[in-house]
K.L.:
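The structure that follows is given in the form of C-alpha cells.
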Amino acid sequence: MSPREPSYRTLRLLCANAVGMAGFLIAFAVAREFAVALVAGVVAAAIGYAASSAVVAYASA
C-alpha cells in the first residue's frame, strides 16, 4: 500500500459497529440476557469487520 492510498479503517470500524449493535439488539430481544447479547454482539462485530472488505472494495472503486 502506498502512503497516499487510503486504508478505509474508519469505514471498516463503522461497519463492524453497525453489525455489532444489530447483533446485540437482536440477541437481547431473543435471549433477554445481557451477557449472551454482549457475546453475540462482539461475535457479530468481528464478522462484520471481516466482511467489510466488500464495502471497502465498493468504496474504493
Side-chain angles (χ1 to χ4, degrees):
M1 179 181 336
S2 68
R4 290 184 171 195
E5 187 176 329
S7 67
Y8 294 102
R9 181 180 172 145
T10 303
L11 182 59
R12 288 181 176 274
L13 291 176
L14 286 172
C15 289
N17 189 22
V19 172
M21 287 190 299
F24 173 83
L25 290 174
I26 292 170
F28 190 76
V30 171
R32 298 280 186 205
E33 289 189 33
F34 181 76
V36 172
L38 189 62
V39 170
V42 169
V43 170
I47 293 169
Y49 185 81
S52 66
S53 60
V55 176
V56 169
Y58 177 76
S60 63

K.L.:
Donor-acceptor pairs are to be reported for all side-chain atoms of residues 39-61 against protein atoms at under 3.5 Å, with residues two or more places apart or in another chain.
P.N.:
from, atom 1, to, atom 2, distance (Å)
Ser52, OG, Arg12, NH1, 3.2
Ser52, OG, Tyr49, O, 2.6
Ser60, OG, Val56, O, 3.0
Ser60, OG, Ala57, O, 3.2

K.L.:
Scan the side chains in residues 16-38 for donor-acceptor partners under 3.5 Å anywhere in the protein, sequence neighbours excluded, and list what turns up.
P.N.:
none

K.L.:
With a cutoff of under 4.5 Å between side-chain heavy atoms, which Ile, Leu, Val, Met, Phe, Trp and Tyr residues group with Leu14?
P.N.:
none
